[in-house]
Amino acid sequence: MDLWNLYSGMYFNRLFEEQVSNLWRQGKISGEMHPSIGEEAITAGVLAHLIEGDALALDHRGTAAAIMRGIDPGALLDEFIGLPTGLCAGMGGHMHLFSEDHLLASSGIVGASGPAAVGFALAAELLRPGKVAVAFFGEGSLNQGMLLESFNLAQEWQLPVIFVCKDDQWAITTDTNPNVSPVQRAQGFRLPTSSIDGNDLKVVYQTAGKAIRNAREGKGPAFIHATCNHPEGHTLDNQLVRVGRRPLKEGMAITIPLLKSVFKIRGAPIIERIRAMIQTIKMIRRSASHHRPQSSDPLKHARELLIKDQERLDQLEATICAEIGELFSATGSRLTAEDSR
Amino acid sequence: MDLWNLYSGMYFNRLFEEQVSNLWRQGKISGEMHPSIGEEAITAGVLAHLIEGDALALDHRGTAAAIMRGIDPGALLDEFIGLPTGLCAGMGGHMHLFSEDHLLASSGIVGASGPAAVGFALAAELLRPGKVAVAFFGEGSLNQGMLLESFNLAQEWQLPVIFVCKDDQWAITTDTNPNVSPVQRAQGFRLPTSSIDGNDLKVVYQTAGKAIRNAREGKGPAFIHATCNHPEGHTLDNQLVRVGRRPLKEGMAITIPLLKSVFKIRGAPIIERIRAMIQTIKMIRRSASHHRPQSSDPLKHARELLIKDQERLDQLEATICAEIGELFSATGSRLTAEDSR
Amino acid sequence: MKTIKFSAAVDSVLAQQMARDPRIVLFGEDVQALRRNLFVRFGARRVRNTPISESAFVGAAVTAAMAGLLPVVEVYMVDFLGVAMDALLNHAAKTYAFSGEQWSVPMVVRAPCGGGYGDGGQHEQSLWGWLAHIPGLSVVVPSNPADAGGLFLAALEHPHPVIFMEHKLLSDTWLDFLAGGSRSTISFDIPTSGAEGLVPNKWQPIPLGRAAVCKTGSDLTMISVGVGVHQALEAAKILEKEGISVEVIDLRTIQPLDLETIIYSVDKTGKALVIDEDYQQFGLSGELAAVLLEAGINCQYARVCTEDTIPFNRQQESQTLPNLERILSAAHRLVD
Amino acid sequence: MKTIKFSAAVDSVLAQQMARDPRIVLFGEDVQALRRNLFVRFGARRVRNTPISESAFVGAAVTAAMAGLLPVVEVYMVDFLGVAMDALLNHAAKTYAFSGEQWSVPMVVRAPCGGGYGDGGQHEQSLWGWLAHIPGLSVVVPSNPADAGGLFLAALEHPHPVIFMEHKLLSDTWLDFLAGGSRSTISFDIPTSGAEGLVPNKWQPIPLGRAAVCKTGSDLTMISVGVGVHQALEAAKILEKEGISVEVIDLRTIQPLDLETIIYSVDKTGKALVIDEDYQQFGLSGELAAVLLEAGINCQYARVCTEDTIPFNRQQESQTLPNLERILSAAHRLVD
Ligand SMILES: Cc1ncc(C[n+]2csc(CCOP(=O)(O)OP(=O)(O)O)c2C)c(N)n1
Ligand SMILES: Cc1ncc(C[n+]2csc(CCOP(=O)(O)OP(=O)(O)O)c2C)c(N)n1
Ligand SMILES: [Mg+2]
Ligand SMILES: [Mg+2]
């Protein structure tokens, strides 16, 4: 495992997405924005094992995987902005990344990465023996029928698919039922499973390595459950996160109508209303405590593994910082030039 | 458990469906025909516990359940024929049976009975506390996303749904992968499960009783896996069954083109072809051995429990026989009268 | 009369009716958060979060309706009905017919639709003409708060399944949620009179199948729905200055169509311009041509619709969705 | 030239192309049995049974195509695409556009369609106009063995997704399978020249988007597809005896439409009668009206389509699907 190399991809992605977030906040990127910040160790640990000819099926949160798979960051950035010079000529945006060269496809439809990986793996079996397909998806997607079907199909056809569930415990505003075990669900389809701390790069690397090796050898699919945390919440600046971060300003906008509603005549018995109110407050609180920088940050974690060689680390980070700076300032001036036209 | 009563429903259904099969062969019923002959013990054992206000979601093979739930056999028969006097005014046919009075709905879409039962159960929880919903489906349906999703939804909402998987080991021409355990799959969704011999009326009765009692008491959904056999195969007179029964005549029609194809130049390596040929022959053989009357016939089984009182049994059967005779001869003459008009 | 916002109008009718009619239940992903004001008032039994399992919960709504409830089932976007299409196509739409018209399915699917905020082609579709193809479904697309409330009330009173679509450009809550609308740095082409407007003090149902003539005119009839209605009105204003008198019809419901209003108007003007944000081919714009021809109206006809997958790039997006420029040039071609 | 049956023509092209092009794989429920002649020749790697998981395996076909295969994915009936609609609507149809036209999806969905054999409304739908609404999908509906083979070859050569539909009334194998067609006691209204017919010794692709003029005439143009073409020809024969000269157009592909042929013919006859087994509203019949009006053709127009959920009852079924009687009376109304 070349830790330096992996860390450098993770670090690059973090800075990249932070800058993307800025651009988004500046209104240079339209629509929603689902950062993958926080899942860098999962991405790096899995992708470290991929070789040319392997395929990747991504969900709505595919930035880190696209970056670490080697897609040109400039093309990616331009795609996010929607420029003709983007990876997909500005047609897709951050949820619809496609690169035939990398056999990389993403989708904004929850669960779609499962069938997509199965199709990629089928092509691998017939055209590129020894190659594999990886599907990334969140734990919320485990409720989407097509993903469940794809577990079974991969198993029936014994295809080289690695299903990677990035469990951040949230699906937008819904925090995962703690009684649900993703691993148990995957076992229902006879998939070999592992459940790991997705913030721990080494563990991800080892687990993914084994699964991918097996898949290459024709031993069929596997399921990896890896926990993580998305400090930005579901999308940049979504209401839940805003309330968590600016409780006074944003909280009031939510609280006043809530209080009005809870006291309206006609409705559920008071006890049910109180329960609903408490549940709502709890959900907002939990969201606030989850959706902020965490001590478990995978980047911090990985960094500690390298801190022994502080000098090299500093240099690496400085280099990447400079690269990112260059990329974004170039793009920034291009955008400004266009704006003024 | 009123064995006599249950047996009488089973016996009635068997004769009813045999007569229906005759009418179908006579061309009086159009389209496909999926007999439920062979699953009478499952139906009887489960339905014995249902009371007014309980709901039933059926698949394409719903005749036995409709009969034993108390739908007027005359209306059912007319529906199968497509008469305006049918249960659904002849609009649905045997795959689309609907009775609001019985809260009974069926669908020809594989897996649809799962979501349907969840909706019925939701209405039960809110409008008819203590009432339950039963979903019947085959083991092939366990691969359909919406059914899997419905397991989870019923569990999340803790609804009174009893999911009953009638495992006949076949989905049309596909015999079940013996490595797949329906129970394991259901456990993936945290459903309490039982796996039983669906030809054994007593066992079905006891297992279903417990599951339904729990559901009524608000303890949530359950999954019952019950084996059975459909001696008629997937549909009446389908090609696989015909080949099994009339190997000479029907077999040749299949074999000649097969042989021609297997020896065509260009195609898979010979070893793969031979494997495919063997698999095809095996499949036809297995179908032939499955799709004929079995010693495990649930009716025989149930009958043995009553044989002590041979006299009463004879009388019961004679009565039912007469009822069926009357029903079908009346319908027969109506049809003839219409034909001659 | 009071002034409220588009989605607030729907929510207000929903709250009013939930208070009156205990059969109404609301479910969908995150609705306890998205409709939190209903949640804290009506509780967890009637306002339910679902897993991300559209085919199961839309399917469940069908039988819940059949068994006595009146489900309002909400999906994040109409685009995501792809995964639940069987429940609509083969169950919601067909049960009444299959049962010999004995058992009906009173349910409402509430679905945001439409584009114009840069979210890409899997999240900005309209699909109203597509859904209306299926016999047994009604499809409602309001263009302003008053219609949204009145039509939603009618949808709740309708004994058969209704797809109720809220254009995201008209809904401040959806724009906040899906377009980062809270950013001061981004702006959208929001039709102000559609996003916010006067509504009656007491809601009255607006019958399904009744179009609104938003503006009368004599030279040309523009027929549209949703955001397109506002574009048509804007175009009409400009054309009016050129001396072209435009009649603007807001269909309000796609299925059933208000044939009478459509035919009467085009018969009068002799020219029909359909502005349809849904895909052009095999959809609403075609159906309007057919009903005109069937009525024996010989007219000049043009359409401005969405012809392709909607691009993410904002400029191309606005070229692909109907826009003022395309509407004006089509109108000119018709009139010259 | 030789005479073969409808589905055999498709199978024959499929076998020929599988022998030539190793990228072609075939999968679907029970295809190892249903296409057993291909199975024993091409083996289990290329002819694959699937579980009953349409959304997974149609979805998988999309990326399999993107990664270098040419999947022919078979579903039991077009009606069942309801459960797989997301794969078509949001993936197969959109990937080429999303990728900036850099990555295409060469796949063929083979789906039996149509009614007239008494199998009920969830199993007899046509849905071709519905599918054609989605930009990015081609939709092919042949009416005879020669077209079936030639169009299937073109579908295999097409770089984008094609829905290839086989009308069950034209396919003896599907009728056996789904209608108990092996019974001597039952009969269907099978268009004989559609179910069996002459085909070329060497298959040539028939380009998508090229209609066939099956019969020329001067008073009235009938436009149809699939079984409707045969009904139109039958009606034309009867009308001819009354002195009414009918031109009959077989569209063959719904998407793309052959505008030229349609417009030329209706311009000539001044009268268009659309016979469409798919649902009437918001579909093919409407689109044809629109393209005629857009071309500035002022014509008389009528349509005979399926207006409602298809009843199981054979008599009502035949009243609901287009039939000769309805076609003749519509033609008379147009001509008188
Ligand atoms: C079929 C479908 N339903 C709903 C949505 C809306 N949606 C987008 S992301 C998301 C939550 C996904 O949760 P998870 O899979 O855990 O991924 P996460 O966002 O937490 O990384 C939902 C509901 C969608 N895109 N597709
Ligand atoms: C969504 C869908 N796909 C395919 C079919 C065609 N089909 C009808 S029954 C059936 C097999 C069902 O097998 P199983 O659930 O085991 O029930 P069984 O017929 O064995 O009782 C199939 C594939 C369908 N009706 N619906
Ligand atoms: Mg998540
Ligand atoms: Mg079975």
Side-chain angles (χ1 to χ4, degrees), chain A residues 109-116 118 125-126 129 137-159 163 165 171 173-193 195 219-221 223 225 267-269 272 279, chain B residues 109-116 118 125-126 129 137-159 163 165 171 173-193 195 219-221 223 225 267-269 272 279:
Chain A
I109 304 295
V110 162
S113 62
V118 169
E125 177 175 306
L126 294 175
F137 48 85
E139 87 299 337
S141 319
L142 287 172
N143 300 321
Q144 185 62 241
M146 70 172 117
L147 180 64
L148 301 169
E149 289 184 1
S150 77
F151 292 170
N152 181 53
L153 187 55
Q155 179 66 11
E156 278 292 325
W157 284 356
Q158 280 296 295
L159 291 176
F163 294 103
C165 175
T173 76
T174 304
D175 46 352
T176 311
N177 184 332
N179 297 324
V180 176
S181 152
V183 156
Q184 187 185 3
R185 186 158 302 177
Q187 282 166 349
F189 299 90
R190 299 172 296 135
L191 293 176
T193 60
S195 188
K219 295 188 187 144
F223 177 91
H225 171 242
E272 276 193 51
Q279 194 179 314
Chain B
I109 305 295
V110 162
S113 61
V118 170
E125 178 176 305
L126 294 175
F137 49 84
E139 87 299 335
S141 318
L142 287 173
N143 301 321
Q144 184 61 241
M146 71 172 115
L147 181 63
L148 301 170
E149 289 184 358
S150 76
F151 292 170
N152 182 53
L153 187 55
Q155 180 66 12
E156 278 292 325
W157 285 355
Q158 281 295 297
L159 292 177
F163 293 103
C165 175
T173 75
T174 305
D175 46 352
T176 310
N177 183 334
N179 297 324
V180 177
S181 152
V183 156
Q184 188 185 3
R185 185 158 302 177
Q187 281 166 349
F189 299 90
R190 300 172 295 135
L191 293 176
T193 60
S195 188
K219 293 186 187 145
F223 178 89
H225 171 243
E272 274 193 51
Q279 193 179 316

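Below, each value reflects all heavy atoms present in this structure, side chains not excepted, and no hydrogens, waters or symmetry copies. To find a chain, count down the sequence lines: A is the first, B the second, and so on, and within it residues start at 1.
For chain B, the nearby parts of A:Gln144 are the backbone and the side chain; heavy atoms of each come within less than 4.5 Å. Neither the backbone nor the side chain of A:Val183 comes within contact range of chain B; no heavy atom of the residue lies under 4.5 Å from a heavy atom of that chain.
Closest of all the heavy-atom pairs between B:Arg190 and A:Val180 is NH2-CG2, 3.4 Å.
Counting heavy-atom pairs closer than 4.5 Å to chain B, the top-ranked of the candidates A:Glu156, A:Met146, A:Glu149 is A:Glu149. Most heavy-atom pairs under 4.5 Å with chain B, from the set A:Leu153, A:Leu142, A:Asn152: that is A:Asn152.
The CG atom of A:Asn177 sits 8.5 Å away from atom CD of B:Gln155, with the distance rounded to the nearest 0.5 Å. The CZ atom of B:Phe189 lies 4.5 Å from the CG atom of A:Leu148; values are rounded to the nearest 0.5 Å. Rounded to the nearest 0.5 angstrom, A:Gln184 CD and B:Gln184 CD are separated by 10.0 Å.
With sequence neighbours excluded, the residues that form a salt bridge (Lys or Arg N to Asp or Glu O under 4.0 Å) with B:Glu125 are C:Arg48.
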